Peer 1: 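The structure under discussion is supplied below as structure tokens; questions concerning it will follow.
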Amino acid sequence: MRRLFGAMVALASATVMISTPVSASAAQDCAVGKLSVPGAEVVSVTAAEKPGGTVEWPPGYPIPPVTDVPPYCAVTVMLTHPGAGDKVAVKVWLPVSRWTGRFQGLGGGGYSMGGWDADMATQVKLGYAVATTDGGVEANPMSPASWALDENGNVNKELLKNFASRSLHDMAVVGKAVTTQYYGRAPKYSYWNGCSTGGRQGMENAQSFPDDYDGINAVAPAINWDRFIVANLWAQVVQNEEKNRLTSCELDAFEKAAVDACDKIDGVADRVINDPRTCRYNPADLIGTKIVCEGQEVTISRADAEVVRKIWNGPRGWFGFNKGADLEWTAGPVPFEISATWVQYFIKQNPQYDVTKMSYAEYYRNFVASQVRYNSIIGADDPDLSAFRRSGGKIVTWHGTDDALIPYQGTVDYRERVARRTGNVNDFYRVFLAPGVDHCFGGPGAAPIDPLAAVVDWVEKGKAPETLPARTADGRASRNLCLYPLVPKYIGGDPNSADSFTCRKA
């Protein structure tokens, strides 16, 4: 849950942009007239003035509330798609004053299509008119149990279509129309902002709805959903087939040993493997090592090392797990819930299916079935971005190399395929890797401070980012993330200073 939590709140923690709001035309009363949404029917529209103040995160999330939120107009538009039997909510929040002229579409995380109220409040404070949608599916990021199957036990393809793509365009149409009505003029610029599922949504927008957004901030994008979501169960399969389930303590020992071996390759001891491709650590080196787990001495065996080797190598047809990444989330005693429920509901259509008992053969059947059935629906990995490029759009993506849920190699592979198809990819699509950063945020590495600002500067000022300023979660170290395929190289000086590094070819 901690990693998914990062995916959901990264919008507030990693996309804060300081800007000077421009004078907006005098806001109208908080009311919305007739709306037209192609392919959908507007069921209802409600609008209310909100005083602002403090907006809380959902219960159970230990994040300080968003304070000093200015007054805003909150609009909710309910839609349905004829014949689909769905009920979709699109929420739009509009600052009463100091609107910057910008519209923002806000992405979700896991199985949740949209952001929380606190996410929206954060963007209202920055002067955005902001929209998000639930896509007609329950806002449970971990499980699709309430909507995946219809009353006959079959996959609800209409709601899956909403989740994958259709509701994204509806949200853009509604959000811009409401913004235009309220301020009396259309947004000058439109941006997409999201991580994980939100990152996938951003790339889906670029591929399928290239005129909806001028700029896209797509972080750790889940573009290869049909593959990585099943691959995240690989560690469970290996342990089941090898009849050897490692404890969290043992998993941690292998991770620590790999970081110990590879941390200083870049000349800096910071618990970060700067370029995972350079780490050649062999888990067999830990055989015979004694560790203490919950007060008991344990000796690492050859069988333990073999399990970790197979997990790190990954399944056929997908990427392995980086040696600095935390394996607890996929190899721990409880399988990663988003992956487990995907197989249970969308592949097996059986909520009781036990993913921890899969054999190698059964795993590969599920892996292939996921691609065959769902890549065309939820895979956002089409390298043809020519229409988005022609529209003048810009994309910035950054991805942590310690991401144990969505391997950064999938993003790199996609970027390479886009480059082969379009050439001069950096003209409109730039990728940055964040060494040592987990999924969306966290980990010992430095995460970007304000990636959305880089997108805005690129779109509005023509200033393409060469690096992304970043800092560690504890604030002690700064870095400049390098434009792929360049990697950071230590050149001497204070290792906590970005000035002590430069970007060079690997």
Side-chain angles (χ1 to χ4, degrees), residues 4 7 10-11 105-115 132-133 135 137 141 144 157 159-172 191-213 215-232 317-319 338-339 342 346 367 370-389 391 393-399 403 405-422 425 428-431 439-440 455:
L4 182 69
L11 297 172
L106 193 61
Y111 288 109
S112 179
M113 277 205 74
T132 196
T133 183
V137 302
K157 293 183 178 179
L159 290 183
L160 181 59
K161 182 179 179 180
N162 284 357
F163 175 73
S165 60
R166 179 165 59 187
S167 289
L168 296 174
H169 183 57
D170 291 344
M171 181 182 74
Y191 297 96
W192 178 266
N193 191 15
C195 182
S196 195
T197 283
R200 184 199 68 79
Q201 292 168 326
M203 299 310 297
E204 180 68 31
N205 283 321
Q207 294 162 32
S208 298
F209 314 111
D211 297 321
D212 281 355
Y213 295 95
I216 292 173
N217 180 42
V219 181
I223 52 176
N224 304 290
W225 181 286
D226 53 291
R227 277 150 291 169
F228 83 78
I229 206 77
V230 183
N232 279 345
W318 192 239
F319 301 99
I338 294 175
S339 296
W342 174 260
F346 291 99
F367 185 74
S370 183
Q371 295 177 69
V372 170
R373 297 181 199 173
Y374 298 110
N375 176 262
S376 63
I377 299 173
I378 200 169
D381 60 345
D382 183 351
D384 185 2
L385 296 177
S386 56
F388 184 76
R389 185 180 194 175
S391 76
K394 310 297 183 186
I395 305 171
V396 168
T397 285
W398 71 267
H399 205 141
D403 192 332
L405 299 180
I406 305 178
Y408 81 93
Q409 298 98 315
T411 291
V412 168
D413 174 73
Y414 177 73
R415 186 267 183 200
E416 291 297 306
R417 291 191 294 117
V418 173
R420 288 194 294 270
R421 187 177 184 94
T422 65
V425 63
F428 70 101
Y429 174 39
R430 295 193 167 206
V431 171
H439 187 56
C440 294
V455 180

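What you see is a predicted model, and the numbers here were worked out from it, not measured in a lab.
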Peer 1: State which residues pass ring-ring contact (aromatic ring centres under 6.0 Å, His included) with Phe367; sequence neighbours excluded, sorted by chain then number.
Peer 2: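 So Phe367 forms a ring-ring contact (aromatic ring centres under 6.0 Å, His included) with Tyr363.
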
Peer 1: Residues in salt bridge (Lys or Arg N to Asp or Glu O under 4.0 Å) with Asp413, at least two apart?
Peer 2: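 So Asp413 forms a salt bridge (Lys or Arg N to Asp or Glu O under 4.0 Å) with Arg417.
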
Peer 1: For the CZ atom of Phe319 and the CZ atom of Phe228, what is their distance to the nearest 0.5 Å?
Peer 2: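 Reported to 0.5 Å precision, the distance equals 13.0 Å.
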
Peer 1: Between Pro383 and Arg420, is there a side-chain heavy-atom distance shorter than 4.5 Å?
Peer 2: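 Side-chain contact under 4.5 Å: no.
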
Peer 1: Name the orientation class of the two ring planes belonging to Trp342 and Tyr374 (parallel below 30°, tilted from 30 to 60°, perpendicular beyond 60°).
Peer 2: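 If you compare the ring of Trp342 with that of Tyr374, the planes turn out perpendicular.
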
Peer 1: Just verifying a value: how many Å separate Ile406 CD1 and Cys440 SG, rounded to the nearest 0.5 Å?
Peer 2: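 SG of Cys440 is found 7.0 Å from CD1 of Ile406.
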
Peer 1: Tell me if a side-chain donor or acceptor on Asp403 pairs with a main-chain N or O of Tyr408 at a distance below 3.5 Å.
Peer 2: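 Such a contact is absent between Asp403 side chain and Tyr408 backbone.
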
Peer 1: Between His399 (side chain) and Val431 (backbone), is there a donor-acceptor pair under 3.5 Å?
Peer 2: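 Side chain of His399 to backbone of Val431, a donor-acceptor pair under 3.5 Å: no, none is there.
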
Peer 1: If every non-hydrogen atom of Thr197 is compared with every non-hydrogen atom of Ser112, which pair is closest and at what distance?
Peer 2: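 For Thr197 versus Ser112, the nearest heavy atoms are CG2-O, 4.1 Å.
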
Peer 1: Could you state the interatomic distance from CD1 (Ile377) to CG (Asp226), rounded to the nearest 0.5 Å?
Peer 2: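 If we round to the nearest 0.5 Å, Ile377:CD1 and Asp226:CG are 10.0 Å apart.
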
Peer 1: Tell me every residue that passes ring-ring contact (aromatic ring centres under 6.0 Å, His included) with Phe209, counting only those two or more places apart in sequence or in another chain.
Peer 2: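 His169.
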
Peer 1: Show the nearest heavy-atom pair for residues Leu385 and Gln207, with the distance to one decimal.
Peer 2: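 Smallest heavy-atom distance, with atoms named: CD2-CG, 3.6 Å.
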
Peer 1: Mind checking what makes ring-ring contact (aromatic ring centres under 6.0 Å, His included) contact with Phe388, not counting sequence neighbours?
Peer 2: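 Testing Phe388 for ring-ring contact (aromatic ring centres under 6.0 Å, His included), a comparison that skips the adjacent residues, returns none.
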
Peer 1: Run through Ile216, Thr422, Val418 and flag the one making a side chain to side chain contact (heavy atoms under 4.5 Å, CB included) with Tyr429.
Peer 2: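 Exactly one pass, corresponding to Val418.
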
Peer 1: Looking at every heavy atom in both Ile395 and Ala206, which two are closest together, and how far apart are they?
Peer 2: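 Heavy-atom minimum between the residues: CD1-CB, 3.9 Å.
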
Peer 1: For the residue pair Phe163 and Ile378, what are the closest heavy atoms and their distance?
Peer 2: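 Scanning both residues completely, I find the closest heavy atoms to be CE2-CD1, 3.7 Å.
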
Peer 1: Would you say the side chain of Glu416 lies within less than 4.5 Å of the side chain of Val425, judging by non-hydrogen atoms?
Peer 2: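 Not touching, per the 4.5 Å side-chain cut-off.
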
Peer 1: Side chain of Thr132, backbone of Gly115: donor and acceptor closer than 3.5 Å?
Peer 2: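 Checking the backbone N and O of Gly115 against the side chain of Thr132, a donor-acceptor pair under 3.5 Å is found.
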
Peer 1: Would the distance check show the side chain of Tyr414 and the main-chain N or O of Asp382 forming a donor-acceptor pair, the cut-off being under 3.5 Å?
Peer 2: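 Judged by distance alone, yes, a pair lies under 3.5 Å.
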
Peer 1: I'd like to know if the side chain of Thr397 and the backbone of Ala218 have a donor-acceptor N/O pair within less than 3.5 Å.
Peer 2: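 The answer is yes, because a donor-acceptor pair under 3.5 Å joins these two groups.
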
Peer 1: With distance as the sole test, does Ser339 use its side chain to make a donor-acceptor pair with the main-chain N or O of Asn232 at under 3.5 Å?
Peer 2: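 Not at all, since once roles are kept as given, no pair shorter than 3.5 Å links the two residues.
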
Peer 1: Give the minimum heavy-atom separation between Gly107 and Trp192, together with the two atoms involved.
Peer 2: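 In this case the closest contact between Gly107 and Trp192 is CA-CZ2, 3.3 Å.
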
Peer 1: Sorted by first residue and then second, give each salt bridge (Lys or Arg N to Asp or Glu O under 4.0 Å) pair with at least one member in residues 195-208; sequence neighbours left out.
Peer 2: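 Of all non-adjacent pairs touching residues 195-208, none passes salt bridge (Lys or Arg N to Asp or Glu O under 4.0 Å).
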
Peer 1: Find the distance between CG (Asp381) and CG (Asn224) and round it off to the nearest 0.5 Å.
Peer 2: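 Here the interatomic distance stands at 5.0 Å.
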
Peer 1: Would you name the heavy atoms of Ala380 and Met203 that are closest together and state the gap between them?
Peer 2: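 Answer, listing the atom of Ala380 first, then Met203: O-CB, 4.2 Å.
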
Peer 1: For Arg421, enumerate each residue passing the salt bridge (Lys or Arg N to Asp or Glu O under 4.0 Å) test, keeping only those at least two apart in sequence or located in another chain.
Peer 2: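 Expected list: Asp384.
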
